[in-house]
There are 2 protein chains.
Amino acid sequence: MATQKELAEIAGVSAGTVSNVVSGSTRVSDHTRKKVLEAIRKLDYRPNLIARSLKTNRTNTLAIVIPEITNPFFPKLVCGAGLAAREHGRFLIVVDTDEDAALELELISILQSQRVDGILLVSATGDWNVGDNLALLQSGPPILCLDRVPRGLNVDSVSVDNRAAAAMGVAHLLSMGHRRIAVITGPLNLTHENERLSGYRQALQRAGIKTQDSLIWASTFDPRAIEEACHKGLLLGSDRPSALFSTNGFVALEALRSIYAAGLRTPEDIAFTTIDEIAAADFFQPAITSVVQPIFEMGYRAAEALLERIEKGDALGAPRKERLSPKLVVRASSSFVHRAPSRGRVSNEG
Amino acid sequence: MATQKELAEIAGVSAGTVSNVVSGSTRVSDHTRKKVLEAIRKLDYRPNLIARSLKTNRTNTLAIVIPEITNPFFPKLVCGAGLAAREHGRFLIVVDTDEDAALELELISILQSQRVDGILLVSATGDWNVGDNLALLQSGPPILCLDRVPRGLNVDSVSVDNRAAAAMGVAHLLSMGHRRIAVITGPLNLTHENERLSGYRQALQRAGIKTQDSLIWASTFDPRAIEEACHKGLLLGSDRPSALFSTNGFVALEALRSIYAAGLRTPEDIAFTTIDEIAAADFFQPAITSVVQPIFEMGYRAAEALLERIEKGDALGAPRKERLSPKLVVRASSSFVHRAPSRGRVSNEG
DNA sequence: GTGAAAGCGCTAACAT
DNA sequence: ATGTTAGCGCTTTCAC
């Protein structure tokens with residue numbers, strides 16, 4: 001691949017002048033510019049950004065690190081961040097950690113070594129105080145946590161008010177007349193899942209209802225674990241909760257699978273509400289009530305905030321924790337249906 | 001951020017020795033190694049990959065360029081490619097073009113300037129002969145086209161046998177007794193969509209059935225366009241096709257929306273089969289018959305093939321066109337149901 | 001307006 | 001085994 005030096009020779013000018021044409025920093029006469037552009041065309045010249053970055057100490061690149069690209073939640077986040085990055089003339093690269101904390105650490109380290117200008121992190125790690133990796137993150141280009149805000153990482157963050165989101169959904173179920181409401185969560189070592197569980201407790205407490213451990217189904221992102229938790233919970237028979245609240249879309253889809261597999265219907269046998277819209281949501285009959293997060297906006301806003309931090313650095317002051325508001329979309333799955341105790345039943349019919 | 005020079009000073013050795021410790025190329029005595037490692041820890045040193053790449057002329061990075069990260073098809077591709085890249089010690093970055101040909105070109109150009117070692121391209125551009133951008137792609141790091149194989153880009157490619165995939169699906173509908181089969185496609189300027197249409201024609205021809213233009217619903221990736229095409233086609237009343245074949249998962253989901261919105265059922269009112277599994281497929285009642293592509297494997301194989309090209313270069317010979325085989329998964333939506341002509345009806349009931 | 005030259009951080013060939 | 005040095009391709013003073 002051609003270099004500026006080669007261009008300079010062909011165009012009969014100095015390398016510095018070529019650089020001025022390419023990056024447009026200094027004024028160049030129309031005549032020489034033309035000659036240089038001609039040479040560029042002839043040699044298929046592409047500026048070597050590696051060399052430029054080494055010199056200028058910036059890459060014009062932002063990275064977003066996500067745990068699981070196949071979970072439809074994250075692509076939406078990426079889209080928002082991508083738009084903001086582009087609007088600010090930056091390039092956004094996406095990296096997938098496969099929900100693996102060790103891989104996440106390695107990839108972040110590479111990105112830092114790559115000298116990206118900043119990193120948007122949706123961490124698979126709930127607590128960065130564990131281990132001695134924290135120092136690595138504190139030095140280097142700015143990191144902003146989005147969606148998930150791990151403990152021990154004192155950086156900017158943009159996330160949804162998770163506690164309010166859950167409280168909102170559970171309060172809605174309460175308002176529909178439900179009193180025996182179960183919650184199913186993802187891994188509780190993740191702060192946002194924890195916050196959502198706490199929102200569930202809060203809503204019940206405000207309604208004067210005592211939380212029961214048997215109604216808190218703490219699970220993981222493993223479909224089998226979710227199925228197991230649901231199966232156990234749904235087997236309660238006439239003691240079965242009248243409503244189930246899921247703390248995220250991935251778990252929700254698996255939970256619905258279990259509910260249907262058990263031959264139960266929403267909302268007749270068990271009412272259902274979840275945080276996040278589930279995939280192909282409009283095909284569900286009846287439609288699923290959801291607490292909707294502004295995912296795209298969260299990505300967009302996060303990239304904006306990260307860029308501000310990059311530009312201003314410490315002048316921006318201490319880490320800024322931004323929270324966006326979710327909103328409730330009421331549909332049919334959360335209704336209250338009077339139920340005779342005897343109706344409770346579990347089957348494996350498809 | 002610390003440099004090797006600074007490390008050298010602290011450790012009381014030369015910069016070259018530090019480099020040897022960091023990159024492990026030459027043997028270093030345990031004693032000096034220890035001193036250097038100590039300094040690395042103390043200064044939070046992260047090697048500057050920019051500088052390394054400038055020197056070594058490789059970045060250890062592969063890029064995958066996809067048209068639309070929110071379409072669940074592409075994340076699966078990314079996963080496969082990511083695994084292969086990791087297994088070969090490379091870093092994979094993902095870039096989204098938003099199905100925009102101009103943006104795609106710009107992003108590829110940046111990646112080339114970034115000197116990634118190779119690019120996996122799922123192009124939004126059907127024909128690279130148009131315009132004068134071809135030269136840009138031919139020079140620079142190797143590109144491999146996957147899934148979609150645009151015209152005019154003479155590079156390695158890995159894709160599915162699209163013609164066979166469509167022929168397989170349509171042949172299945174024929175075997176179920178359907179004779180009047182419509183097809184709905186994405187944009188036909190994309191070669192893979194074209195190949196699939198051609199597979200549809202082939203299957204009908206083999207069965208001795210003449211294709212009718214009114215049964216070929218050429219659409220785009222715009223949901224409204226798909227809806228319109230379906231609406232028009234489904235309005236045919238008693239003349240309505242007895243089966244609909246969709247050439248991809250995105251279109252399929254929108255088509256099903258239209259079918260249901262028209263108050264029709266699969267397969268009773270219109271049988272349905274599609275290439276690709278649709279999102280939340282197992283929730284559809286009856287389940288949707290699909291021609292399934294080996295998406296993950298395609299991504300994996302593509303990254304492998306690209307790496308071979310990177311290692312061996314022209315020694316590998318002319319561009320290699322690899323085709324993977326799809327397979328048919330028969331479910332309930334494709335059955336044949338005898339239909340009284342009068343049953344045809346269109347409504348807007350939800 | 002243009003050219004000459006230094007240097008970004010690193011690797012690798014060579015010298016010791 | 002370790003130090004010295006040149007140079008990757010670019011930007012950016014500083015002269016002219």
Side-chain angles (χ1 to χ4, degrees), chain A residues 1-40 43-61 109-110 112-117 139-141, chain B residues 1-40 43-61 109-110 112-117 139-141:
Chain A
M1 286 208 128
T3 68
Q4 292 189 353
K5 201 167 131 196
E6 295 170 294
L7 292 183
E9 243 168 77
I10 300 233
V13 297
S14 79
T17 301
V18 171
S19 173
N20 286 332
V21 171
V22 170
S23 55
S25 37
T26 311
R27 287 207 71 70
V28 176
S29 76
D30 273 7
H31 179 64
T32 37
R33 151 167 288 110
K34 205 151 285 170
K35 281 194 301 185
V36 172
L37 290 176
E38 172 68 11
I40 288 179
L43 296 192
D44 261 338
Y45 170 76
R46 355 268 344 248
N48 185 326
L49 293 186
I50 305 253
R52 179 182 294 173
S53 293
L54 180 60
K55 183 68 189 175
T56 61
N57 214 22
R58 57 209 297 279
T59 52
N60 266 313
T61 300
S109 175
I110 294 177
Q112 292 188 144
S113 283
Q114 213 91 269
R115 300 296 193 265
V116 296
D117 293 338
S139 67
Chain B
M1 287 209 129
T3 68
Q4 293 190 352
K5 201 166 133 198
E6 295 171 293
L7 292 183
E9 242 168 78
I10 301 233
V13 297
S14 80
T17 301
V18 172
S19 173
N20 286 332
V21 172
V22 170
S23 55
S25 37
T26 311
R27 286 207 71 71
V28 176
S29 77
D30 273 8
H31 179 65
T32 37
R33 152 168 287 110
K34 205 150 287 171
K35 280 192 301 183
V36 172
L37 290 176
E38 172 69 11
I40 287 179
L43 295 193
D44 262 337
Y45 169 76
R46 352 270 344 249
N48 185 327
L49 294 185
I50 305 255
R52 180 182 292 171
S53 294
L54 181 60
K55 179 70 189 174
T56 61
N57 213 22
R58 57 208 300 278
T59 52
N60 266 313
T61 301
S109 174
I110 293 177
Q112 294 188 143
S113 283
Q114 215 91 270
R115 299 297 192 264
V116 295
D117 294 337
S139 65

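Below, chain A is the first sequence line, B the second, and so on; all start at residue 1. Since the structure is predicted, the reported quantities are computational estimates derived from the model, not experimental observations.
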Open item on the list: Tell me whether the side-chain N/O atoms of Thr56(B) come closer than 4.0 Å to OP1 or OP2 in dT11(C).
Closed with: no

Open item on the list: Given dC8(D), dC10(D), dC10(C), identify the nucleotide with an atom nearest to the side chain of Leu54(B).
Closed with: dC8(D)

- [ ] For Lys55(A) and dC8(D), give me the distance from atom NZ to atom P, rounded to whole Å.
- [x] 15 Å

Open item on the list: Whether Ser29(A) contacts dT2(C) is assessed here as follows: a side-chain N or O lying under 4.0 Å from the phosphate OP1 or OP2. Is that the case?
Closed with: yes

Open item on the list: Given dG9(D), dG9(C), dT2(D), identify the nucleotide with an atom nearest to the side chain of Ala51(A).
Closed with: dG9(D)

TODO: State, with a plain yes or no, whether a side-chain heavy atom of Val13(B) is found less than 4.5 Å away from one of Leu7(B).
DONE: no

Open item on the list: Nearest whole Å is fine: how far is dC10(D) C1' from Arg58(A) CZ?
Closed with: 15 Å

Open item on the list: Using the side-chain heavy atoms of Arg27(B), tell me which of these nucleotides is nearest: dG9(C), dA1(D), dT11(C).
Closed with: dA1(D)

Task: Side-chain touch Met1(A)/Asn48(A), heavy atoms, less than 4.5 angstrom - done: no

TODO: Take atom CG of Leu7(A) and atom P of dG3(C), then tell me their distance rounded to the nearest Å.
DONE: 13 Å

TODO: Specify the separation, in whole Å, of atom CG of Asn48(A) and atom C1' of dC8(C).
DONE: 13 Å

Open item on the list: What's Ser53(B) touching, base or sugar-phosphate or nothing? Going by heavy atoms closer than 4.0 Å.
Closed with: nothing

TODO: To the nearest Å, give me how far apart CG (Asn20(B)) and P (dT5(D)) are.
DONE: 16 Å

Open item on the list: Counting only side-chain nitrogens and oxygens, does Ser14(A) get under 4.0 Å of the OP1 or OP2 atom of dG3(C)?
Closed with: yes

TODO: Calculate the interatomic distance between Glu6(B) atom CD and dC8(C) atom C1'; express it in whole Å.
DONE: 13 Å

Open item on the list: Within the 4.0 Å heavy-atom criterion, would you say Val22(B) contacts the bases, only the backbone, or no part of the nucleic acid?
Closed with: nothing

Open item on the list: Does atom CG (Asn57(B)) have a neighbourhood of more than 12 heavy atoms from anything else shown, all under 6.0 Å?
Closed with: no

- [ ] Could you tell me whether Asn57(A) contacts a base, only the sugar-phosphate backbone, or nothing, with contacts defined as non-hydrogen atoms closer than 4.0 Å?
- [x] nothing

- [ ] Please report, rounded to the nearest Å, how far the P atom of dT2(C) is from the CD atom of Gln4(A).
- [x] 15 Å

Task: Distance in Å, Arg58(B) CZ paired with Ser53(B) OG, rounded so as to fall on 0.5 Å steps - done: 9.0 Å

Open item on the list: In whole Å, I'd like the distance from the CZ atom of Arg115(B) to the C1' atom of dG9(D).
Closed with: 9 Å

Open item on the list: Check this for me: Glu38(B), atom CD, are more than 12 non-hydrogen atoms of other residues, nucleotides or ligands nearer than 6.0 Å?
Closed with: yes

- [ ] Would you indicate, yes or no, if dT11(C) has its OP1 or OP2 atom less than 4.0 angstrom from a side-chain nitrogen or oxygen of Ser19(B)?
- [x] yes

Task: Nearest-neighbour nucleotide for the Thr3(A) side chain, dG9(C), dA1(D), dC10(D) considered - done: dC10(D)

